[in-house]
Amino acid sequence: MSAQFSVELEGRIKEKIQYNKVPVNTEIKLVGFKSVNTYEKGIIQVDGEDIDITYDDLKNIDFNIKNLDDFWTVKKIHFDTYENFLEKGYQYNLRKEIDEDVIDYLNYLESNNFIFHDSYLEDYLYQLIYKIHPFQLNDGRAGNLSINVLKSIEPNAFVYPNGFMFISTGLLSIINSEEELLSILAHEISHFVLDHSIVNINEAEKREKRAGFWAGLLTGIGALADVGVSSRNEYYTPGTITLATAEIAYSIASAVNQRLGMEFSKNQELIADKCAKDLMQHIQKDPNSLSSSLQKIKEYCIRTGNYYAIDESGTHPAIDERIEKLGFPSIIKDYEYDKKISFVHTINAIMEYNSMHLGMSEELVRKNITNNVATEEDYILLAMVILKTHNSESKNLEALGLIEMAKSLNVTPQLEAYKQEALVLLRLNRKNEAVKSLENYKSALKSKSEDLDKISNSDLWLAYFEYLNDEIEWSTKMAHKIGKL
C-alpha cells in the first residue's frame, strides 16, 4: 500500500518521539498513514503542519477517544493492524476467497439444520453489537458483522475475517447476563478488527486450494452424517437436533476455523481479552464481566469432563491464566437475560438430555419455568429427566403433572407428551389410561406423517419417515402388551 490513507484522531504527545521533533505535551492530530521505502509512518498535524513520524512513535501519543470509531482506531494502532495493512496491503484476492469459504460453510450449516433461528434473539444480538462496534469498519476493509447462532452445547464463539460471527447456543446458556454476552462479543470483535485471522493465514506455511479442501471435508463429514441420520434418539422429534448432528457441526467448525486462520496464538487471545475489558470500561459496563464469562465456561467444561478446552494447549493460554489477567470474576445475575434467550435454553436442554447431562438439562428447563416463559417442550423434558433419575410415587406424580401442564398450554402441542404420559401411567399401574394415551400418541404420529412432504432434505425425510413408522409400530404393540402385564 504505497498511497497514503486517512484517519482523524486528536491526541497529545505523552513521551518523547524520535528526533525530538515535537515536544512532550504537544496537542496533535493524526491524519493518516503511509509507507515510504518499506518504512511505515504516521502523519500528524501540529499547528496545521504535516509531520511524518515512525509507526512506533504513534504509540507515544495519548489519543482522545470520543466514540467507538476512535476506540477501535487506537487499538489498531497499538496492536499494529495499520502497520500490517501498510506492509501487506488489503489482500483483496485472499479476502474474496475467504468470503466464499465462509458463505459455503454457512450454506452447509443452513441446509443441514445446524443454525438456530429466532428473530427476536437475532435482533437482540444486533442491538448488542451496535453498542460495541460501529456499523462498518472505517479502514478500507469490506465486511459488516453478521450474527449466526450455531446449534451446539459446546461453549464457543468466533468471527471470520468477512464479519460473519457465530456463537453457540451452549455459550449463550452458560453465561447468564447481558454484560457477559457483551464482553464475549467484544472479545470476538477484537479478533475481527485487529485482523488476526489474516495475520495467521499470512504466517501459515501453505494453504490448501479451495476446491480440494471442501471436497475432502464433505467426504469426511458424509460418513459422520450417515451415522447421525441412522442413530436413534429418545427425544428425536421434528425440529430438534440430535447429539450426532451437534458433533458433526463442531468437527466442521474446527476444520473451517483452522483453514481460515482462527487458531489464535496465546498473545492474540490475551490481546483480544484486553481489548474487550477496555471496551467494557469505555461503554461503562462491568470490566470484569469477561472474567465472569470465562469462569462459567470453565465450570461447565469441568462438569462435562472437557478439560482439554480449558487447559493450555500449545501456544494457547489456559483459561485460568486468562481469568487471572482479566481480574476477579464478578457475580452477575440477570433474570431478564434468561427470559430473552429462553428458546436457546430449551434447545440446549434437549441436547444436554441427549448427552445424558441430565442435571444440566434440568437446570435449563427450570430456568424457563421459574421465569414463566416455559413451553410444552420444557415441561415434557423435565418430566423425562425426572423419570430418568427417580422412581417414587411422588416423583412419578410430579412428572405426570408436568406432562398435563404441557398438554394444557396448547402453544405448540408436542406428540411426545402422549408417549411420556403412557410411560408414567404404567409406572403408576394405571393401565387403562396408559392404553388411551398410546392410542392418542399413535393418532398424533399418523397426523405428523402427513407433513413429511414438506421436508425437502432426502436424508432428513428418511430419518423422520423411519422414526414415525417405528413409533407407530411400537405404540400399537405396546397397547396390546399392556393387557398382558
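For E362, the salt bridge (charged side-chain N to carboxylate O under 4.0 Å, His left out) test picks out R366, with sequence neighbours left out. In this structure Y379 satisfies the ring-ring contact (aromatic ring centres under 6.0 Å, His included) test with no other residue, sequence neighbours excluded. Residues that satisfy the salt bridge (charged side-chain N to carboxylate O under 4.0 Å, His left out) test with R303, not counting sequence neighbours, are E363. Residues passing the side chain to side chain donor-acceptor pair (under 3.5 Å) test with S146, sequence neighbours excluded: none. With sequence neighbours excluded, the residues satisfying salt bridge (charged side-chain N to carboxylate O under 4.0 Å, His left out) with D273 are R322.
At a threshold of 4.0 Å, the pair K340-D334 does not count as salt-bridged, since none of the basic side-chain nitrogens sits closer than that to a carboxylate oxygen. A salt bridge links K339 with E336; the closest basic N to acidic carboxylate O contact falls under 4.0 Å. Under the 4.0 Å criterion applied to side-chain N and carboxylate O atoms, D80 and K59 are assigned as salt-bridge partners. Between D195 and K76 no salt bridge is recorded (no basic side-chain N to carboxylate O distance below 4.0 Å). A salt bridge links K66 with E10; the closest basic N to acidic carboxylate O contact falls under 4.0 Å. Ion pairing of K325 with E269 is absent here, as no side-chain N (NZ or NE/NH1/NH2) approaches a carboxylate O to less than 4.0 Å.
Counting only residues at least two apart or in different chains, salt bridge (Lys or Arg N to Asp or Glu O under 4.0 Å) contacts with residues 103-118 comprise D104-R210.
There is a side-chain donor-acceptor pair under 3.5 Å between H117 and E122. A donor-acceptor contact under 3.5 angstrom links the side chains of E178 and Y124, judged on distance only. In this model, a donor atom of one side chain and an acceptor atom of the other lie less than 3.5 Å apart for T346 and D378.
The shortest heavy-atom contact between H345 and S173 is ND1-OG, 2.8 Å.
With a 4.5 Å cut-off on side-chain heavy atoms, I65 and H282 count as touching.
Results of the side-chain hydrogen bond (donor to acceptor under 3.5 Å, both in side chains) test with Y160 over D99, D101, N257 single out N257 as the only residue that passes.
A ring-centre distance under 6.0 Å is not found for F166 and F114.
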